[in-house]
Amino acid sequence: MSQELEIVIVVSVFLLFLLTGLFGGIGIFSILHQKKKRAIWSFAIGFFLIIVYLLAMFIIGFGGV
């Protein structure tokens, strides 16, 4: 793997980590302020980002990239 590709992967994973934390935080904040619908959407998006992260790591780990 080239060094540029590795840098792109590391930055992408870091941004995905931040987005997941952001949506989890929005979900917790929404629950505490009785905004159930926004909390459900935030947790669903965060869960989806975790799935995307896991799939990407398995694809990269098995030599797909």
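For T20, there are no side chain to side chain donor-acceptor pair (under 3.5 Å) partners two or more places apart in sequence or in a different chain. For I7, the side chain to side chain contact (heavy atoms under 4.5 Å, CB included) test picks out Q3, V11, with sequence neighbours left out. For F47, the side chain to side chain contact (heavy atoms under 4.5 Å, CB included) partners are I51, not counting sequence neighbours. Applying the side chain to side chain contact (heavy atoms under 4.5 Å, CB included) rule to F17 yields no partners; only residues at least two apart in sequence or on another chain are considered.
Note that the CZ atom of F23 and the CD1 atom of I28 stand 14.0 Å from one another [nearest 0.5 Å]. Between L49 atom CG and L15 atom CG the span is 11.5 Å, to the nearest 0.5 Å.
Hydrophobic cluster of V10: no remaining members, since no ILVMFWY side chain lies below 4.5 Å from it.
The hydrophobic clustering, which links ILVMFWY residues whose side-chain heavy atoms are closer than 4.5 Å, places I31 and I26 apart.
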Could you give the side-chain donor-acceptor pairs of residues 52-60 under 3.5 Å, partners two or more places apart or in another chain?
none

Donor-acceptor list for residues 36-43 side chains, cut-off 3.5 Å, not counting sequence neighbours:
unit_1, atom_1, unit_2, atom_2, d
R38, NE, S30, OG, 3.0
S42, OG, R38, O, 2.9

